[in-house]
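To start, the structure itself, in structure tokens.
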Amino acid sequence: MKHELPKLGYAYDALEPFIDAKTMEIHHTKHHQAYIDKLNAALEKYKNLQNKDVEDLLKDLNKIPEDIRTAVRNHGGGHSNHSFFWKLLKKDVKFSGDIAKNIEKTFGSYEEFKKKFREAALGRFGSGWAWLVLNKGKLEIMSTANQDSPLSEGKVPVLGLDMWEHSFYIKHNANKAAYLEDFFHVINWEQVNKHFKGEK
Ligand code: MN
């Protein structure tokens, strides 16, 4: 069974003006598709790995044959991270529910959480991701390089932000801070609440 590009579940222009339609279309149909194609190519000669969820492959990278381990880490990570990211995006969803209470408890306030998340995102040198994760049941902010997944470190992603230039360059050019500010307008907190409860 081959990995396939998941549907977005919304139109490419649904996040305008915060994330532009052109970026969404290229990001989904070109970048995400490329990770999937390369993951499928890497798994070609390993039939026993082809039916596994990409998340399970990433949780146990050491069990992946050495000759494809880097490919699974990069392209499997790219597939998993992007599938996760698309579901996180929706306009006009209120910051609420258990996740809101726990963010306020853990970081002091929503503003303080934003500040720490922003620091993690802007502090990541080169391409990577900023994350809110559950680490042994506790909320934590972190970042990863390239397409590395928090799953490979035993952490559960709750919220993630793609900080690769391909995710913002068309609209925001080099202004990462403006991209970040726009991201906070399109967080699907209902979905984040699901992740916090351990649902998909
Ligand atoms: Mn991306």
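Whatever order the structure lists ligands and atoms in, that order sets their numbers, starting from 1. Numbers for residues simply follow the sequence, beginning at 1. These numbers were taken from a predicted model, which means no experiment stands behind them.
- Remark: at the Mn ion (ligand 1), atom NE2 from H27 and atom OD2 from D162 enclose 90°, rounded to the nearest 10 degrees.
- At a cut-off of 2.8 Å, H31 is not counted among the residues with an N, O or S atom near the Mn ion (ligand 1).
- Here the closest heavy-atom approach between residue H3 and residue L43 is recorded as NE2-CD1, 3.8 Å.
- Between F84 and H195, the distance from one ring center to the other falls under 6.0 angstrom.
- For E199, the CD atom sits in a packed shell: over 12 heavy atoms of surrounding residues, nucleotides or ligands are nearer than 6.0 Å.
- Aromatic pair H27/W164: ring centres not closer than 6.0 Å.
- When the Mn ion (ligand 1) is compared with the N/O/S atoms of H166, atom NE2 turns out nearest.
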